[in-house]
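What follows is a short report on a single structure.
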Amino acid sequence: QLQLVESGGGLVQPGGSLRLSCAASGFTLDYYAIGWFRQAPGKEREGVSCISSAGGITNYADSVKGRFTISRGNAKNTVYLQMNSLKPEDPAVYYCAAGRRPLSITTVQPMCARGNGMDYWGKGTLVTVSS
């Protein structure tokens with residue numbers, strides 16, 4: 001069964017850090033572009049960050065640039081999202097997604113911002129920021 005499982009969410013104080021993990025089973029993430037998305041209550045889903053299959057292309061939403069870092073785990077079939085300096089506007093359910101379509105200058109916007117072309121989605125992990 002092909003699936004993605006997110007983990008690492010939780011409660012953190014403003015200014016704190018969390019590292020989210022996206023683990024795959026049934027397929028190899030090396031051949032997929034991976035995106036992190038989030039959805040807060042009452043809001044639309046938004047793209048947070050993307051990484052290409054080879055890791056050479058990364059993309060970040062303006063709201064998280066300089067605070068979040070996406071990376072691929074070495075031989076662990078996992079992609080991470082390191083989130084630092086968390087703000088009160090960051091709480092949401094965070095989802096990872098995998099797309100077979102190559103990430104390029106023409107596909108980065110639809111794939112990373114809107115999730116178009118992503119083939120597999122996880123069920124999400126909840127991030128809460130509160131003092």
Side-chain angles (χ1 to χ4, degrees):
Q1 186 177 2
L2 308 180
Q3 62 177 355
L4 294 171
V5 178
E6 303 92 338
S7 61
L11 172 63
V12 65
Q13 292 185 342
S17 298
L18 285 173
R19 188 176 80 158
L20 305 184
S21 298
C22 173
S25 61
F27 65 108
T28 302
L29 287 182
D30 289 355
Y31 304 112
Y32 289 78
I34 305 300
W36 283 97
F37 302 82
R38 66 186 182 186
Q39 187 167 21
K43 295 187 177 181
E44 292 187 354
R45 185 183 68 201
E46 64 172 337
V48 175
S49 182
C50 266
I51 188 167
S52 61
S53 57
I57 299 174
T58 56
N59 176 268
Y60 297 93
D62 288 342
S63 59
V64 306
K65 280 181 182 176
R67 300 188 297 123
F68 290 10
T69 303
I70 191 170
S71 63
R72 289 184 175 271
N74 292 328
K76 292 184 178 181
N77 212 25
T78 301
V79 172
Y80 302 102
L81 184 69
Q82 178 67 43
M83 306 189 298
N84 298 330
S85 302
L86 283 160
K87 299 179 178 181
E89 56 263 38
D90 292 321
V93 177
Y94 283 70
Y95 302 89
C96 68
R100 196 67 175 92
R101 189 178 184 186
L103 198 62
S104 69
I105 192 170
T106 58
T107 63
V108 65
Q109 181 65 17
M111 290 183 74
C112 298
R114 300 191 293 273
N116 294 349
M118 292 296 185
D119 300 301
Y120 303 105
W121 290 81
K123 295 183 178 180
T125 185
L126 179 64
V127 172
T128 304
V129 180
S130 176
S131 55

Roughly how far, to the nearest 0.5 Å, is CH2 of W36 from OH of Y94? 10.0 Å
Are any non-hydrogen side-chain atoms of C112 and L103 less than 4.5 angstrom apart? yes
A side-chain contact here means heavy atoms from C-beta on lying under 4.5 Å apart; do V127 and P91 qualify? no
Describe, in one word, how the ring planes of W121 and Y95 are oriented to each other, choosing from parallel (under 30°), tilted (30 to 60°) and perpendicular (over 60°). perpendicular
Using side-chain heavy atoms (C-beta onward) and a distance below 4.5 Å, is S53 in contact with Y32? no
Give me the atom names and distance for the closest heavy-atom approach of F27 to A98. CE1-CB, 4.1 Å
So for atom CD1, which belongs to I105, do other residues, nucleotides or ligands contribute more than 12 heavy atoms lying within a distance under 6.0 Å? no
Are L126 and L20 connected in a single hydrophobic cluster, I mean Ile/Leu/Val/Met/Phe/Trp/Tyr linked by side-chain heavy atoms less than 4.5 Å apart? no
Is there a path of hydrophobic side-chain contacts, each under 4.5 Å between heavy atoms, that joins M83 and F37? no
Greater than 12 external heavy atoms within 6.0 Å of E89's CD: yes
Sub-4.5 Å side-chain heavy-atom contact between Q13 and V129: no
Would you name the heavy atoms of M118 and G99 that are closest together and state the gap between them? SD-N, 3.4 Å
If we ignore hydrogens and angles and just use 3.5 Å, is the side chain of Q39 paired with the main-chain N or O of K43 as donor and acceptor? yes
Could you report the tightest heavy-atom contact between A92 and A40, atom names first, then the distance? CB-N, 3.8 Å
Side-chain contact test, heavy atoms from C-beta onward, threshold under 4.5 Å: evaluate it for S49 versus L81 and give yes or no. yes
Taking every non-hydrogen atom, the tightest pair across C50 and G35: SG-CA, 3.7 Å
Under a 3.5 Å distance rule, please check whether T107 uses its side chain to pair with a backbone N or O of M111 as donor and acceptor. no
List the atom pairs, with distances to 0.1 Å, where a side-chain N or O of residues 63-71 and a protein N or O form a donor-acceptor pair under 3.5 Å, not counting sequence neighbours.
unit_1: S63; atom_1: OG; unit_2: R38; atom_2: NH2; d: 3.4
unit_1: K65; atom_1: NZ; unit_2: D62; atom_2: OD1; d: 3.1
unit_1: R67; atom_1: NH1; unit_2: S85; atom_2: O; d: 2.9
unit_1: R67; atom_1: NH1; unit_2: D90; atom_2: OD2; d: 2.7
unit_1: R67; atom_1: NH2; unit_2: S63; atom_2: O; d: 2.8
unit_1: R67; atom_1: NH2; unit_2: D90; atom_2: OD1; d: 3.0
unit_1: R67; atom_1: NH2; unit_2: D90; atom_2: OD2; d: 3.4

Keeping E6 on the side-chain end and G124 on the backbone end, is there a donor-acceptor pair under 3.5 Å? yes
With a 3.5 Å distance limit and no angle check, can you tell me whether T128 reaches the backbone of L11 through a side-chain donor-acceptor pair? no
Kindly give the heavy-atom pair with the smallest separation between G9 and T125, and that separation in Å. N-OG1, 3.1 Å
Report yes if the side chains of Y60 and V48 come closer than 4.5 Å at any heavy-atom pair, otherwise no. no
Could you check if a side-chain atom of I34 sits within less than 4.5 angstrom of a side-chain atom of R72, using non-hydrogen atoms only? yes
Does a side-chain heavy-atom distance below 4.5 Å link L4 with L29? yes
Using every non-hydrogen atom in the two residues, find where Y80 and G73 come nearest and quote the distance to one decimal. CE1-CA, 3.5 Å
Side chain of N77, backbone of A24: donor and acceptor closer than 3.5 Å? yes
Applying side chain to side chain contact (heavy atoms under 4.5 Å, CB included) to R114 and E46, what does each step give before you reach the verdict? CA-CA 7 Å; R114 300 191 293 273; E46 64 172 337; over 6 Å; no
